[in-house]
Amino acid sequence: MTTVRPGRPFRPAALVAVLAGCSAAITLPAQVKERPIPQVIKKDGRYGFMVDGAPYLMLGAQAHNSSGWPGMLPKVWPAIESLHANTLEIPIYWEQFEPKQGQFDYTVIDTIITQAREHHIRLDLLWFGTWKNGSQHYMPEWMKADPARYFHLIDKNGRPADSPSPFCTASQELDIRAFTAFMRHLKAFDPQRTVIIVQVENESGTWGSVRDYSPAAQKLFDGPVPPDVLKAMGNQGGASATWQEAFGPEAEVNFHAWAVATYVGKVAAAGRAVYPLPLYANAALRDPIKPGAPGSYEAGGPTDNVIPIWKAAAPAIDIVSPDIYMSDPAAYLKVLELYHRDDNALFVPETSSSSPVARFFFSALGLQAIGFSPFGLDYSVPAPAPVAAPAGTPAAAPAPMDQFPATAQNYRLIAPMMREIARLNFEGKLQAVAEETGKPTNTLAFGTWNATVAYGAGRNNRAAGNPEPTGRALVAQLADNQFLVAGYSCRVDFRPAAADKRRQFMRVDEGTYENGVFKFIRILNGDETDNGLNLRAEPIALRVSLGVY
């Protein structure tokens, strides 16, 4: 409200400006509809990622580390679109955001968001702040030039390590201020919720040192363990137990996890206070089957052994997530199991872009994953040179999706029915599997029906596995005797759970999804269904109605 006080000169221009501002404030909501803030919710023991008020599955693609600049974006958008991804993960750099102390530059953020809207892509912004892969390389230059004030941790030999100290309050205070400004700007600039989730730091922790050995850190290490950490780790030691007394060989690892999580948790809490978008922290992993001794993996981040500590020390973080670069299927699947917890939604924000790994997207779906995102899927790194065509062959324009065919194949299938898949998974009606070497079949139980997924099955219906383990499938129950079936390189069949009954296909509709709606193409019968439902290389969906006799 503007009041003209007696005795003060009336300034028409000032009043016009005020009224113009009021008018803009009134008309803005009519111009840009504010969508619901995304949320990670839990219901009946399952997690859902709610975007625009409905379950959403992130079909993600992460850009390379140095692709978050306007000059690189023309190499990003074509890649994301050709892959049929719906969410781009892209960094925001503290060094760019605060080039001078206390001066924040929003131009790059605004450019990324504006262009994402133009391309109808949602965003997962990665805050490269105090930590990036265990180091402080994305801090502003003016901070890196003052290591005495913004100090590194001290290793066991008394030397500074290439990693920030989690006890440097000067760095923490500035990270809090910058991240809060970043989140406040997102709230004001993005009522459309183009940005749906934010990563706080990147693979926070330390390589080459298990913890900080500075005098200040040592004093805390020799002191009592915080009660919430003891409780989280199920330790029955006394309230005055030191870290060494409480945790023995794991004392230093647990101590550093608490220190880093506390630092990151305070940054996250400050940002969340101004704009409560979902937040997550990602982990550089240890081997999930043979972990190795402390010091053989990055310490401090949310590795599987310290997830409870992160949950206790950083409650503003919604999800702790694994960055999976393991090629061993047993290890990969074990990581998915370890991060699929009652207190944690499964989200894979980084993984290898190799074709053999792409099938594990279906394994993650089978554990109710809310998102999956291979790394480095933009075109800032040139693709391998194609094999030369015979002389006289007309040159063909390169297909961008040829760089990552298996991921593109996954997303091309799922993208048109993404909301349906996300809803069915959140409701507990969907199961999904990926082929494992030496395991030619999987059986999925749906009450009165069992679905069998067979890999490499020939006309004799004997599954021997594919030459390369590329098979993957999802089956979702739409009604008591109706199912959605989709996947690649496998055969799916159904059997009644009752041993005295035999199945018959009442109807099998082949179709595709368009904007979430099933579009009928044809009815399959005869040779196409006698031995089960064959899923080959085409992105088709089957709606299957079953009966017994």
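The aromatic rings of Y263 and W131 lie perpendicular to each other, with more than 60° between the two planes, well past the 30° mark.
Looking only at atom types and distance, the side chain of S321 has no donor-acceptor partner in the side chain of N282 under 3.5 Å away. Inspection of the D105 and T107 side chains reveals an N or O donor paired with an N or O acceptor under 3.5 Å.
Under the salt bridge (Lys or Arg N to Asp or Glu O under 4.0 Å) rule, D318 has a single partner from K311, R272, K42, which is R272. The ring pair (Phe, Tyr, Trp, His ring centres under 6.0 Å) with W127 is formed by just one residue from the set F182, Y93, Y280; it is F182.
Residues F189 and V195 fail the side-chain proximity criterion, which asks for heavy atoms closer than 4.5 Å. Counting heavy atoms from C-beta on, the side chains of V348 and D323 never come closer than 4.5 Å. In this structure, P308 and R341 have side chains that are in contact, with non-hydrogen atoms separated by less than 4.5 Å. At least one side-chain heavy atom of P160 sits under 4.5 Å from a side-chain heavy atom of I154. Side-chain contact between N442 and Y455 is present, with at least one heavy-atom pair separated by less than 4.5 Å. Using a 4.5 Å heavy-atom threshold, the side chains of L285 and T303 count as separate. Counting heavy atoms from C-beta outward, P140 and W94 have side chains that approach closer than 4.5 Å. L59 has its side chain out of reach of H84: every pair of non-hydrogen atoms, C-beta onward, lies at least 4.5 Å apart.
Ring centroid separation for the pair W258 and W243 comes in under the 6.0 Å cut-off.
The neighbour count for K187 NZ, taken as heavy atoms of other residues, nucleotides or ligands under 6.0 Å away, does not exceed 12. No more than 12 heavy atoms of other residues, nucleotides or ligands shown are found within 6.0 angstrom of NZ on K156. Dense packing is recorded around CZ of R117, with more than 12 heavy atoms of other residues, nucleotides or ligands lying under 6.0 Å away. The neighbour count for Q101 CD, taken as heavy atoms of other residues, nucleotides or ligands under 6.0 Å away, is above 12.
Annotation for N466 and S489: closest pair ND2-O, 3.0 Å, computed over non-hydrogen atoms. For the residue pair A61 and L83, the shortest heavy atom distance occurs at CB-CD1, 4.3 Å. Nearest heavy atom pair, residue N410 against residue A358, reads ND2-O, 2.9 Å. Taking both residues in full, the closest heavy atoms of R122 and V51 are given as NH1-CG1, 3.4 Å, listed atom of the first, atom of the second, then distance.
With sequence neighbours excluded, the residues forming a side-chain contact (heavy atoms from CB on, under 4.5 Å) with N65 are F128, K132, Y138, F375, listed by chain and number. For the side-chain contact (heavy atoms from CB on, under 4.5 Å) test, residues two or more places apart in sequence or in another chain that qualify with A161 are L153.
Under the 6.0 Å distance and 45° angle rule, R472 does not count as a cation-pi partner of F361.
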